[in-house]
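To keep things clear, I will list the structure first and then write my remarks on it.
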Amino acid sequence: MTSSTLPPQGARRALIVGSGISGLAAALSLHRAGWQPLIIERAPERRTGGYFVRFNGPGYTAAERLGILDSLPDRRDPQGRMFEVDSRGRLTPGLTFPEQVNGTPLRMLLRSDLERVLYEAVQDLVEIRYGTGPAAIAQDRDRVTVTLTDGSVESADLLIGADGIHSTVRSLAFGPEDLYRKDFDHVVAACVMDGSLPGLRDGDGVVATAPGRSAWINSYRDHLPVAFLLYRTDWPAAEIRKKPSVALRQAFAGFGGDVVPAMLEAMDRSESVLFDQVSQIHLSRWSQGRVVLLGDSAWCMTLHSGQGSGMGIAGAELLARLLTEHGDLPTALGCWEQQLRPFVARYQKEALRMRHFFMPANRFGRVARSTLIRAVSTPVGARLGKALMG
């Protein structure tokens, strides 16, 4: 066997670093393709949290192929309403999502929904080893060998780095994160709220925007609302070193009527708050020999794209199919990247456009956004809104 070939079906072994959406989808796809996956996760236990996911497009189609689509809920409340908070703190009708986006039906769900369905699909099929991660990676003609932080050593035919935007696999095999990370000039905060906002019924959502700031509350069936805040800063890396409650109160002082103060109070009470800068990952290649990156490790598109989880599933399912079709690893990985990269490039570009919808950059952007939202109440505007969402 040379470095360009894979062992027979049933003897192929994959080491997957990361038990998030991409890693679980890779394990499920490869197991069904006859591989023997092992998942390595540095966290001490399952990560079941997370926030909203707009599920459509390639990820939706891949979920159908994997047979998990029917298990994924659509958490939109048919009676729910979306409101915008105007400059005087008044609620006005807001934008709603179309039923179809990117050629498939649209489902609104939570990351935890995807994690649960994928975990349940693999839990009895694939070993998941928690509390350890890669410390060193070495390759030769036939294998990739990973030394783990617990001192153990694992060898495989393929190493998949599905360990997120701050990927250790990427740092070890491709170089420091700073070489590939492109930062947006803003920070995101999110948490699950402990109840509905006063004056709103269950299922209602609220958006408040201003130049450089935005606040969203998304509501779901059978789940507590999720609070989501964005703000612009010249120094996002320094900003996220602050205590979230301090940074957010400085950024959102006097903003959003009664809505934002209630969101900040809910974040103070929450045991888990996401607080991070917003960045994309750009690499010229997603594989090096027997090491391949998947999901946010390879192409983090940011939350603005609405495609992060979906493309993680799509990339995993396509990778397994092409590894089955091709007997040599370089050909399989080359075809995989050739087919997948146009979608990733498109969604990364869409994220750059959509960031102005999520958070206007200036007064003109806020006026343009408000005009669009008013327009979607007309038939022509509805088609424009559909085009905007993909």
Side-chain angles (χ1 to χ4, degrees), residues 9 14 16 18-35 37 39 48 50-76 78 97-126 160 162 220-223 286 292 294-296 298-299 301 303 305-326 332-333 335-348 350 386-387 389-390:
Q9 292 281 3
I16 301 168
S19 67
I21 303 302
S22 299
L24 291 171
L28 177 61
S29 303
L30 288 171
H31 182 273
R32 292 185 176 178
W35 286 64
I39 298 177
T48 58
Y51 306 104
F52 73 94
V53 173
R54 201 181 85 209
F55 198 64
N56 62 281
Y60 189 101
T61 303
E64 280 188 303
R65 291 197 186 102
L66 289 173
I68 63 172
L69 184 63
D70 289 344
S71 300
L72 296 174
D74 188 345
R75 290 197 179 272
R76 287 180 295 183
F97 288 97
E99 291 299 317
Q100 282 217 347
V101 183
N102 291 316
T104 68
L106 172 68
R107 294 190 189 186
M108 297 294 290
L109 40 80
L110 296 156
R111 180 201 172 274
S112 56
D113 295 321
L114 282 170
E115 192 277 343
R116 173 184 55 79
V117 169
L118 287 165
Y119 177 81
E120 290 175 354
V122 304
Q123 62 178 330
D124 297 326
L125 306 174
V126 175
I160 299 176
Y220 308 93
R221 288 190 295 179
D222 304 319
H223 195 276
W286 296 330
V292 62
L294 176 65
D296 283 352
W299 57 66
M301 296 176 287
L303 52 93
S305 74
Q307 293 293 324
S309 296
M311 286 304 296
I313 296 174
E317 191 272 337
L318 179 63
L319 179 62
R321 278 196 284 128
L322 292 177
L323 287 168
T324 300
E325 290 177 14
H326 299 285
L333 295 178
C335 290
W336 175 75
E337 184 162 340
Q338 185 179 42
Q339 291 185 36
L340 203 59
R341 190 171 280 277
F343 290 96
V344 170
R346 171 189 169 185
Y347 294 135
Q348 284 186 324
E350 283 189 3
K386 183 177 180 179
M389 301 309 296

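Residues H223 and D113 form no side-chain contact, since every pair of their non-hydrogen atoms from C-beta on lies 4.5 Å or further apart. With a 4.5 Å cut-off on side-chain heavy atoms, L303 and Y51 do not count as touching. Within the 4.5 Å cutoff, side-chain heavy atoms of L319 are placed close to those of I160. Annotation: side chain of L318 is in contact with side chain of R321 (closest heavy-atom distance under 4.5 Å).
Although no hydrogens or angles enter the test, the distance criterion places a donor-acceptor pair under 3.5 Å between the side chain of R221 and the main chain of R76. At distances below 3.5 Å, not a single donor-acceptor pair connects side-chain atoms of W299 with backbone N or O atoms of A345. Panel note: side chain E337, backbone W286; a donor-acceptor pair is recorded below 3.5 Å. Side chain of R32 to backbone of A320: no donor-acceptor contact under 3.5 angstrom is found. Distance alone, capped at 3.5 Å, places no donor-acceptor pair between the N56 side chain and the P105 backbone.
Among all heavy-atom pairs drawn from V117 and L72, the shortest one is CG2-CD2, 3.7 Å. In plain terms, the two heavy atoms of T104 and G57 that are nearest each other are OG1-N, 2.7 Å.
Counting non-hydrogen atoms of neighbouring residues, nucleotides and ligands closer than 6.0 angstrom, the OH atom of Y60 exceeds 12 such neighbours.
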#### Entry: Check against side chain to side chain contact (heavy atoms under 4.5 Å, CB included), Q307 and E350
CA-CA 10 Å; Q307 293 293 324; E350 283 189 3; 5.7 Å; no
